[in-house]
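The first residue of the sequence shown is numbered 1, and numbering continues consecutively from there. Predicted, not measured: the structure shown is a model, and the values here were computed from it.
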Amino acid sequence: AWDWHEGRRLFRVTLAGEPLFLRYSGGGSWLMLGESAWQGLRLLAAADGSPIAFHPEGFGIVGFAEVSRSERTILTYLPSGRLQYWEASSGNLTTERGAAPYLSGLRVSRDRRYAAGTNGSEVLLVDLVTGATRARFGLAGVRSLDLSPTGDEIACVAPSAAGGLELSRWTLAGDSFFRRTDAAADGFTVVRYAGTALITGSGAGLQVVTAAGETITLARDVLADITGVAVEDTLLAAASPEWIWVFRRPADGGAGRLAD
């Protein structure tokens with residue numbers, strides 16, 4: 001874990017294998033990761049990586065976790081298809097719901113009500129309160145997906161009929177998704193929402209795809225693939241196998257004029 005502003009490493013923790021997920025809690029206090037182990041959820045202090053005791057007994061493999069804004073409640077998703085709500089201070093289970101099994105790549109809406117994920121052949125929108133699947137659409141081999149801040153659109157990178165990777169956008173109407181045929185493009189490997197636009201990464205660099213489907217190049221890099229993108233307010237982070245860069249968007253919001 002790194003302090004990107006100072007360029008200083010905060011800590012390093014050795015893992016038994018590739019984590020099923022890795023993310024910070026909403027308040028930034030914890031780093032959460034899932035492991036293929038009986039004690040499947042690990043919580044680390046964000047400042048120094050020290051372990052945080054949570055639940056004394058193992059509860060199985062955890063495929064995803066989310067934390068309430070107050071950091072009083074932890075939600076875990078088990079690949080077997082269970083949503084579990086835990087009291088963070090005591091580790092007690094408070095609520096459990098059934099949900100669709102074997103979901104991966106989960107992305108949560110800004111209000112924390114819904115999550116989008118894939119089971120390999122479909123993309124599903126799951127109600128995190130009830131566990132019910134609100135809507136779904138068929139799309140195999142999804143490599144990257146994101147749920148819009150408003151929760152009514154999903155963007156996916158998946159294999160196209162021609163054999164490459166294709167970006168598609170799907171709009172929610174009632175309880176059904178409809179593909180937007182005007183917003184597809186080839187060659188992308190990762191996608192993240194930035195408001196109504198999309199930040200996309202590929203071997204060619206970074207692009208913005210506007211709500212109308214126009215593609216604008218932010219930066220080109222012929223040396224490294226963009227393997228990860230994160231967007232939060234005025235900051236954008238891009239990762240390759242060799243580095244991570246953090247950019248600050250200017251106040252006028254101009255695409256293609258990222259500074260720092």
Novice: Starting from the C-alpha separation in whole Å, work towards a yes-or-no answer on salt bridge (Lys or Arg N to Asp or Glu O under 4.0 Å) for E166 and R179.
Specialist: CA-CA 13 Å; E166 180 184 59; R179 181 166 180 164; 2.9 Å; yes
Novice: Under 3.5 Å, is there a donor on one side chain and an acceptor on the other for W86 and T76?
Specialist: yes
Novice: Is the shortest distance from a Lys or Arg side-chain nitrogen in R134 or D127 to a carboxylate oxygen in the other one below 4.0 Å?
Specialist: no
Novice: Any heavy-atom pair between the side chains of R42 and M32 that's under 4.5 Å?
Specialist: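 Of all side-chain heavy-atom pairs linking R42 with M32, none is under 4.5 Å.
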Novice: May I ask whether W2 and L15 are part of the same hydrophobic cluster, defined by side-chain heavy atoms of I, L, V, M, F, W, Y residues being less than 4.5 angstrom apart, directly or through others?
Specialist: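 W2 and L15: separate clusters.
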Novice: Do the side chains of V231 and W245 join up, straight or via other hydrophobic residues, at under 4.5 Å, putting them in one cluster?
Specialist: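 Yes; tracing contacts between hydrophobic side chains, which count when under 4.5 Å, links both residues.
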Novice: Taking the side chain as C-beta and beyond, is there a heavy-atom pair between V209 and R169 under 4.5 Å?
Specialist: yes
Novice: Is it true that atom CZ of F11 has more than 12 heavy atoms of other residues, nucleotides or ligands lying nearer than 6.0 Å?
Specialist: yes
Novice: Tell me the closest heavy-atom pair linking A158 and A140, and the distance in Å.
Specialist: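 It is CB-O, 3.8 Å.
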Novice: Answer yes or no: are there more than 12 heavy-atom neighbours, outside I244 itself, under 6.0 Å from its atom CD1?
Specialist: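 Not buried by this count: 12 neighbours or fewer within 6.0 Å.
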Novice: Minimum heavy-atom separation for Y77 and A99, please, with both atom names.
Specialist: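 It is CE1-CB, 4.5 Å.
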Novice: Between OG of S109 and CG of L125, what distance do you get to the nearest 0.5 Å?
Specialist: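 It is 8.0 Å, given to the nearest 0.5 Å.
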Novice: With rounding to the nearest 0.5 angstrom, report the OH to OG distance, Y102 to S80.
Specialist: 7.5 Å
Novice: Do Y193 and R107 have side chains that approach each other closer than 4.5 Å (heavy atoms only, starting at C-beta)?
Specialist: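 They are not in side-chain contact.
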Novice: Listing request: all ring-ring contact (aromatic ring centres under 6.0 Å, His included) pairs with a residue in residues 114-164, at least two apart in sequence or in separate chains.
Specialist: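 As it turns out, the ring-ring contact (aromatic ring centres under 6.0 Å, His included) pairs with a partner in residues 114-164, which skip direct neighbours, are F137-W170, F137-F177.
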Novice: Just how far is it from atom CZ of R143 to atom SG of C156, taken to the nearest 0.5 Å?
Specialist: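 With rounding to 0.5 Å, CZ (R143) is 14.0 Å from SG (C156).
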Novice: Would you say CZ of R12 has more than 12 non-hydrogen atoms from neighbouring residues, nucleotides or ligands within 6.0 angstrom?
Specialist: no
Novice: Any side-chain heavy atom of V67 within less than 4.5 Å of one from L75?
Specialist: no
Novice: Consider side-chain contact (heavy atoms from CB on, under 4.5 Å). Of V123, I154, L172, which one does L147 pass it with?
Specialist: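 The option that passes is I154.
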Novice: Go through it in stages, so that I can follow the logic: the residues are T118 and L103, the test is side chain to side chain contact (heavy atoms under 4.5 Å, CB included), and I'd like the CA-CA distance, side-chain angles, deciding distance and then a yes or no.
Specialist: CA-CA 5 Å; T118 177; L103 296 180; over 6 Å; no
Novice: Before giving the answer on side chain to side chain contact (heavy atoms under 4.5 Å, CB included), spell out for L128 and L83 the whole-Å C-alpha distance, their side-chain angles and the decisive distance to 0.1 Å.
Specialist: CA-CA 7 Å; L128 295 178; L83 292 173; 4.2 Å; yes
Novice: Between E87 and R72, is a salt bridge (Lys or Arg N to Asp or Glu O under 4.0 Å) present by the stated rule, with each step listed?
Specialist: CA-CA 6 Å; E87 187 178 68; R72 295 176 181 174; over 6 Å; no
Novice: Which atoms form the tightest heavy-atom contact between L124 and A100, and what is the distance?
Specialist: CD2-CB, 3.7 Å
Novice: S68 side chain to T73 main-chain N or O, any donor-acceptor pair under 3.5 Å?
Specialist: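 Yes, the answer is positive, given that a donor and an acceptor are paired below the 3.5 Å cut-off.
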Novice: For the residue pair V208 and I199, establish whether any side-chain heavy-atom pair is separated by less than 4.5 Å.
Specialist: yes
Novice: How many angstroms lie between CD1 in I52 and CG in L41, if you round to the nearest 0.5 Å?
Specialist: 10.5 Å
Novice: Within the distance-only criterion (no hydrogens, no angle test), does the side chain of T133 pair as donor or acceptor with the backbone N or O of A135 below 3.5 angstrom?
Specialist: no
Novice: At their closest point, which heavy atom of F247 faces which heavy atom of A238, and how far apart are they?
Specialist: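 That closest heavy-atom pairing would be CE1-CB, 4.4 Å.
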Novice: Restricting to non-hydrogen atoms, name the atom on P79 and the atom on G63 that form the minimum distance, rounded to 0.1 Å.
Specialist: CD-N, 3.8 Å
Novice: Return yes if some donor-acceptor pair links the side-chain N/O of R192 with the main-chain N/O of L145 below 3.5 Å, else return no.
Specialist: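 Judged by distance alone, yes, a pair lies under 3.5 Å.
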Novice: Taking the side chain as everything from C-beta on, heavy atoms only, tell me whether S168 gets closer than 4.5 Å to L139.
Specialist: yes
Novice: Among all residues two or more places apart in sequence or in another chain, which pass the side-chain hydrogen bond (donor to acceptor under 3.5 Å, both in side chains) test with D152?
Specialist: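 Expected list: S148, T150.
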Novice: Taking side chain to side chain donor-acceptor pair (under 3.5 Å) as the cut-off, I'd like each qualifying pair that reaches into residues 19-29, sequence neighbours left out, listed once.
Specialist: R23-E66, S25-E71, S29-E71
Novice: Which value, rounded to the nearest 0.5 Å, describes the distance between L31 atom CG and S50 atom OG?
Specialist: 11.0 Å
Novice: Counting C-beta onward and ignoring hydrogens, is there a side-chain heavy-atom pair between P241 and T227 closer than 4.5 Å?
Specialist: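 In short, these two side chains touch, coming nearer than 4.5 Å.
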Novice: Out of curiosity, L20 CG to S36 OG, how far, rounded to the nearest 0.5 Å?
Specialist: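 Reported value, rounded in 0.5 Å steps: 4.0 Å.
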Novice: Side chains of L106 and V126, heavy atoms from C-beta outward: is any pair under 4.5 Å?
Specialist: no
Novice: For the pair R113 (side chain) and G151 (backbone), establish whether a donor and an acceptor sit closer than 3.5 Å, ignoring hydrogens and angles.
Specialist: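 Looks like no, no N/O pair under 3.5 Å.
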Novice: With side chain to side chain contact (heavy atoms under 4.5 Å, CB included) as the criterion, how do Y85 and L93 come out once you've worked through the C-alpha distance, each side chain's angles and the decisive distance to 0.1 Å?
Specialist: CA-CA 6 Å; Y85 285 85; L93 177 66; 5.7 Å; no
Novice: Go through it in stages, so that I can follow the logic: the residues are T200 and L167, the test is side chain to side chain contact (heavy atoms under 4.5 Å, CB included), and I'd like the CA-CA distance, side-chain angles, deciding distance and then a yes or no.
Specialist: CA-CA 9 Å; T200 62; L167 170 68; 4.1 Å; yes
Novice: May I ask you to say whether E96 pairs ionically with R82, meaning some side-chain N is under 4.0 Å from a carboxylate O?
Specialist: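 Judged by the 4.0 Å cut-off on N to carboxylate O distance, E96 and R82 do form a salt bridge.
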